[in-house]
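Note sheet for the following structure.
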Amino acid sequence: MPNATVVAVANQKGGVGKSTTAINLGAGLAFQGERVLLVDLDPQGNTTSGLGVDRSAIKHSTYDLLVDDIAAEDVIEPSSVRDLFLVPATVDLAGAEIELVSMFSREHRLENALKTVVDDYDFILIDSPPSLGLLTINGLTAADEVLIPIQCEYYALEGVGQLIRNIQLVQTSLNPQLDVEGVVLTMYDGRTTLSKQVTREVRDHFGETAYKTVIPRTVRLSEAPSQGEPIEAYDRMNRGAIAYRELASEFRRRHGRT
């Protein structure tokens, strides 16, 4: 039986805190004793740079994993956080979307590549790009679960319906086991009526699927990636760090780990 639970962090809207959540949930889980692999599936490479990996010095990347059949163990890099590892992305990944079109079993490339390392980790988190192309479909096909970050701003739920429909299509044709594991509210500002209103709407819509932990908007949280560190390492007393610690604890409880 595979050991790792594979979770795609997905939302086709950009700027919802997807990479921030992938990095800081991953780091939070690692700090709580889990062995975690982050897969950067986004050509923008925010998860890669946010963990302080120099993209110009990367030997192998997600592109090589998907297109050139390089073994996963040869692509994985350690991060500055113990027990947190990374499959880094470079700008080459932008071309993979086109190259995958003509490939055999194109939707299963990532799933097949991860099979050799799935027993080495407790959790594998996939940071999906903000689109619904072949890269995201590879992430959803490889995953057991989807975690959807939703920002507390206008039109927060716009596009989520389309994402759910796409998840259902993947469930029907490619990955019947796929499950929407959770929805996490990001960029929350308790001073605004809007944030409270969006929180209510999301909880009404998703019920128990929505995480109790809400991620606040903080300056330090947005600064941390530029320092190449998760917020826990950059400023562990920050409200954002505390929230991601709580999210990691809630995530672990949902997965039967205490």
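Heavy-atom basis, side chains included; hydrogens, waters and symmetry copies ignored.
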Any ion pair linking E153 and R217 (charged N to carboxylate O, less than 4.0 Å)?
yes
N138 side-chain N/O to R106 backbone N/O, donor-acceptor pair under 3.5 Å
yes
OG of S128 to NZ of K18: how many Å apart, nearest 0.5 Å?
6.5 Å
With the 4.5 Å side-chain cut-off for hydrophobic clustering, are F206 and V9 part of the same group?
no
Ring-face cation contact, Y234 with R220, 6.0 Å cut, 45° max:
yes
Given side-chain hydrogen bond (donor to acceptor under 3.5 Å, both in side chains), test E99 with Y63 step by step and report yes or no.
CA-CA 10 Å; E99 292 180 61; Y63 173 88; 2.8 Å; yes
Heavy-atom nearest pair, L134 first then E107, reads CD2-CG, 4.2 Å
In Å, rounded to the nearest 0.5 Å, how long is the span from CZ of F123 to NE2 of H255?
5.5 Å
Might you work through the side-chain contact (heavy atoms from CB on, under 4.5 Å) test for L194 and Y154, ending with a clear yes or no?
CA-CA 8 Å; L194 177 63; Y154 281 116; 4.0 Å; yes
Is any side-chain heavy atom of N112 closer than 4.5 Å to one of S105?
yes
So that I can tick it off, tell me whether K59 and D74 are bridged by a salt bridge, with the cut-off set at under 4.0 angstrom between side-chain N and carboxylate O.
no
Does R245 reach the main-chain N or O of R236 with its side chain, forming a donor-acceptor pair under 3.5 Å?
yes
No-hydrogen, no-angle side-chain donor-acceptor test under 3.5 Å, T116 and E73
yes
Can you confirm whether T141 sits close enough to L110 that some side-chain heavy atom of one is under 4.5 Å from a side-chain heavy atom of the other?
no
Checking N175 against Q171: is there a side-chain donor and acceptor pair closer than 3.5 Å?
no
Tell me, do E77 and P88 make a side-chain contact under 4.5 Å, heavy atoms counted?
yes
Does some side-chain heavy atom of T62 sit less than 4.5 Å from a side-chain heavy atom of T90?
no
Smallest heavy-atom separation, P149 atom then T21 atom, equals CB-OG1, 4.4 Å
Between T209 (side chain only) and V183 (backbone N and O only), is there a donor and an acceptor less than 3.5 Å apart?
no
Check whether any side-chain heavy atom of V146 lies under 4.5 Å from a side-chain heavy atom of D179, and answer yes or no.
no
Determine whether a donor-acceptor pair (N or O, by modelled atom type, separation under 3.5 Å) exists between the side chain of R35 and the backbone of D120.
yes
Show the nearest heavy-atom pair for residues E201 and L157, with the distance to one decimal.
OE1-CD1, 3.9 Å
Any idea how Y211 and F251 line up, ring-wise: parallel (<30°), tilted (30 to 60°), or perpendicular (>60°)?
parallel
Non-hydrogen atoms of Y188 and C152 that approach each other most closely
CD1-SG, 3.8 Å
Atom pair CD/CG of E223 and N238 - distance to nearest 0.5 Å:
9.0 Å
Step-by-step side-chain contact (heavy atoms from CB on, under 4.5 Å) determination, D144 to V7:
CA-CA 6 Å; D144 303 305; V7 183; over 6 Å; no
Identified side-chain contact (heavy atoms from CB on, under 4.5 Å) counterpart of L147 within the set I126, N11, L125, L25:
L25
Give a yes-or-no answer on whether the side chains of Q197 and R200 include a donor-acceptor pair shorter than 3.5 Å.
no
Closest heavy-atom pair and its distance - V198, Q151:
CG1-O, 4.0 Å
Audit row: R165, Q168, side-chain hydrogen bond (donor to acceptor under 3.5 Å, both in side chains) steps and yes/no:
CA-CA 5 Å; R165 282 191 292 277; Q168 287 165 345; over 6 Å; no
Between L51 and E229, does a side-chain contact (heavy atoms from CB on, under 4.5 Å) hold up when you go through it step by step?
CA-CA 5 Å; L51 281 174; E229 289 184 322; over 6 Å; no
Return the OG1 to CG distance between T47 and N24, rounded to the nearest 0.5 Å.
9.5 Å
Could you tell me whether the side chain of D122 reaches within less than 4.5 Å of the side chain of T5, counting heavy atoms only?
no
From T218 atom OG1 to D235 atom CG, the distance as rounded to the nearest 0.5 Å:
8.0 Å
Mind checking whether P225 and S49 have side chains closer than 4.5 Å, heavy atoms only?
no
Please say yes or no: joined through hydrophobic side-chain contacts below 4.5 Å, possibly via intermediate residues, are L38 and L41 part of one cluster?
no
Closest contact, heavy atoms only, M187 versus G15
CE-O, 3.0 Å
Between K212 and E250, does any side-chain N to carboxylate O distance fall below 4.0 Å?
no
With the 4.5 Å side-chain cut-off for hydrophobic clustering, are L178 and L169 part of the same group?
no
If only atom types and distance count, is the side chain of T192 paired as donor or acceptor with the main-chain N or O of D189 below 3.5 Å?
yes
Go through it in stages, so that I can follow the logic: the residues are N46 and D40, the test is side-chain contact (heavy atoms from CB on, under 4.5 Å), and I'd like the CA-CA distance, side-chain angles, deciding distance and then a yes or no.
CA-CA 8 Å; N46 292 338; D40 194 346; 5.8 Å; no
Is M103 reachable from L114 through a run of I, L, V, M, F, W or Y residues, each pair having side-chain heavy atoms under 4.5 Å apart?
yes
Determine yes or no for a side-chain-to-main-chain donor-acceptor pair under 3.5 angstrom, with R252 supplying the side chain and R257 the backbone.
no
Check whether L84 and L221 end up in the same hydrophobic cluster, where Ile, Leu, Val, Met, Phe, Trp and Tyr are linked by side-chain heavy atoms less than 4.5 Å apart.
yes
Nearest-0.5 Å distance that lies between atom OG in S173 and atom CD1 in I137:
8.0 Å
Are the side chains of I150 and T186 in contact, using a 4.5 Å heavy-atom criterion?
no
